[in-house]
2 protein chains.
Amino acid sequence: MDRISVFNEYVRRKGLKNTNQRMVILETFLGSKSHYSTEDLYMKLRKEYPKIGYATVHRTLKLFAECGIAIELNFGDGQTRFEPLIADQHHDHLVCTSCGLIVEFTETRIERLQEQIASQYNFKIERHRHELYGLCSDCAKKQG
Amino acid sequence: MDRISVFNEYVRRKGLKNTNQRMVILETFLGSKSHYSTEDLYMKLRKEYPKIGYATVHRTLKLFAECGIAIELNFGDGQTRFEPLIADQHHDHLVCTSCGLIVEFTETRIERLQEQIASQYNFKIERHRHELYGLCSDCAKKQG
DNA sequence: TTAGCTTCTGAATGTCATTTTCAATATCCT
DNA sequence: AGGATATTGAAAATGACATTCAGAAGCTAA
Ligand SMILES: [Mn+2]
Ligand SMILES: [Mn+2]
Ligand SMILES: [Zn+2]
Ligand SMILES: [Zn+2]
């Protein structure tokens, strides 16, 4: 089931309503680069829909996370970012501390080792964050 | 060199001053549980030193991080936590989303795999975060 | 030891992302 | 369509953290 259907079903199940704003925000959110902060997405939407409110954008992003079609990311720069989630396509991140570049990686061996650690400590893992911070190759060249 | 010496040397080198507050905060910080938020440590210190200021506690924790005897942690609950760092004793965390329990783990195989990933993408890693969120065994029993 | 310069402290205030409030508006169900 | 209920957007509130500033304390050199 695609993310739009997941969202629509969540809205129906919870007795929420389908609004123009929500559809527009969802399409824009799914339709381009990931890792949006509320501010980023609000600015982008404003160009085409100048009447849209910041609070609506933010509430809607939280709603996406709540219904499972997005995840919240926090790279420690004081802004929460949201990224569309494709079911069963987990990945982690490399973050350039100089230019902000975000690169995604997956490594099943790490995922497996995590599970071993969790069972060692009798933890029941719900989610995890694994982020590598440093300089991307461009910034490293510029010794930035 | 122990953490108190590292701090004292840093203070000297930077032309900062040695104050009672800083010593008291350092001793308390090193002397009990880890993973203090500013608020946590402020509340603890207040009992014995009621005149100490919140801003001083916070500035001093930042100073500890700056001089390398502490690291800042962020478990996504909106509060930065500080933990005394023992040189070359890196670890990552399991965090119980129900009771807040924090368990530490190290896994050299993961650390190595990280390095491989970084070099694959030509990243020069400065630091990383790896946190596993879920239910500790107690909370899992209480299905909580 | 003390003068004099610099840093520190603590209370208050500022900042900034995020959240909440609320009155007007839109949606949904019958 | 009518009416209950959710949503919206502007504004205000919140909360963690950072900054300001005047008085206090630490440091250094004579
Ligand atoms: Mn991503
Ligand atoms: Mn720890
Ligand atoms: Zn870069
Ligand atoms: Zn627990």
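Quick note on labels: first sequence line is chain A, next is B, and so on, each numbered from 1.
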A.B. asks: In this structure, how many angstroms lie between the P atom of C/dC28 and the CZ atom of A/R22, rounded?
C.D. replies: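 Nearest whole value for this atom pair: 10 Å.
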A.B. asks: Provide, to the nearest angstrom, the distance between the CZ atom belonging to B/F75 and the C1' atom belonging to D/dA16.
C.D. replies: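 In whole Å, D/dA16 C1' lies 17 Å from B/F75 CZ.
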A.B. asks: Can you name the residues that form a ring-ring contact (aromatic ring centres under 6.0 Å, His included) with A/H128, not counting sequence neighbours?
C.D. replies: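 With neighbours one apart ignored, the set is A/H90.
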A.B. asks: If you assign each of B/G15 and B/V57 to its closest nucleotide in DNA chain C, which residue comes earlier from the 5' end?
C.D. replies: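 Result: B/G15.
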A.B. asks: Taking only residues two or more places apart in sequence or in another chain, which ones pass ring-ring contact (aromatic ring centres under 6.0 Å, His included) with A/Y49?
C.D. replies: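 For A/Y49 there are no ring-ring contact (aromatic ring centres under 6.0 Å, His included) partners, ignoring immediate neighbours.
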A.B. asks: If we check side chain to side chain contact (heavy atoms under 4.5 Å, CB included) with B/I52, which of these qualifies: B/T60, B/L41, B/L45?
C.D. replies: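 Running side chain to side chain contact (heavy atoms under 4.5 Å, CB included) over B/T60, B/L41, B/L45 with B/I52 returns exactly one hit, B/L45.
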A.B. asks: Grab the CG-P distance between B/N74 and D/dA16 for me, whole Å please.
C.D. replies: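 Whole-Å distance recorded here is 13 Å.
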A.B. asks: In the 5'-to-3' direction, what one-character label does each nucleotide of nucleotides 23-30 of chain D receive under the scheme B = base within less than 4.0 Å of a protein heavy atom, S = sugar-phosphate only, - = no such atom?
C.D. replies: ---BS---
A.B. asks: Mind calculating the distance between OH (A/Y49) and C1' (D/dT8) to the nearest angstrom?
C.D. replies: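 Rounded to whole Å, this separation is 17 Å.
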A.B. asks: Among Ile, Leu, Val, Met, Phe, Trp and Tyr joined by side-chain contacts under 4.5 Å, find the other residues sharing a cluster with B/I110 and list them by chain and number.
C.D. replies: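 Hydrophobic cluster check, B/I110: joined to A/L94, A/L101, A/V103, A/F105, A/I110, A/L113, A/I117, A/Y121, A/F123, A/I125, A/L132, B/L94, B/L101, B/V103, B/F105, B/L113, B/I117, B/Y121, B/F123, B/I125, B/L132.
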A.B. asks: Rounded to whole angstrom units, what separation is found between the CE atom of B/M23 and the C1' atom of C/dT9?
C.D. replies: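 After rounding, the reported distance stands at 15 Å.
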A.B. asks: Give me each pair satisfying salt bridge (Lys or Arg N to Asp or Glu O under 4.0 Å) with a member in residues 91-107 of chain B, each pair once, sequence neighbours excluded.
C.D. replies: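 Matches after skipping sequence neighbours: B/E107-B/R109.
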A.B. asks: Taking only Lys NZ, Arg NE, NH1 and NH2, and the carboxylate oxygens of Asp or Glu, determine whether B/E83 and B/R81 approach each other closer than 4.0 Å.
C.D. replies: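 No salt bridge links B/E83 with B/R81.
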A.B. asks: For residues 18-32 of chain B, pull every pair meeting side-chain hydrogen bond (donor to acceptor under 3.5 Å, both in side chains), keeping only residues two or more places apart or in separate chains.
C.D. replies: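 Every side-chain hydrogen bond (donor to acceptor under 3.5 Å, both in side chains) pair that includes a residue of residues 18-32 of chain B, provided the two are not neighbours, is B/S32-B/Y36.
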A.B. asks: To the nearest angstrom, how far is A/Y42 atom OH from D/dT8 atom P?
C.D. replies: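 Spelled out: OH on A/Y42 to P on D/dT8 is 14 Å.
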A.B. asks: Would you mind reading off the distance between A/I52 atom CD1 and D/dT7 atom C1', rounded to a whole angstrom?
C.D. replies: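 My rounded result for the distance is 12 Å.
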A.B. asks: Could you tell me which residues satisfy ring-ring contact (aromatic ring centres under 6.0 Å, His included) with B/Y133, sequence neighbours excluded, listed by chain and number?
C.D. replies: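 Once residues adjacent in sequence are excluded, B/Y133 has no partner under the ring-ring contact (aromatic ring centres under 6.0 Å, His included) criterion.
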A.B. asks: Strictly under 4.0 angstrom, non-hydrogen atoms only: write out the protein contact profile of nucleotides 13-25 of chain C, one letter per nucleotide from the 5' end, B, S or -.
C.D. replies: ----SBSBB----
A.B. asks: Of all residues at least two apart in sequence or in a different chain, which pass the side chain to side chain donor-acceptor pair (under 3.5 Å) check with B/R59?
C.D. replies: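 For B/R59 there are no side chain to side chain donor-acceptor pair (under 3.5 Å) partners, ignoring immediate neighbours.
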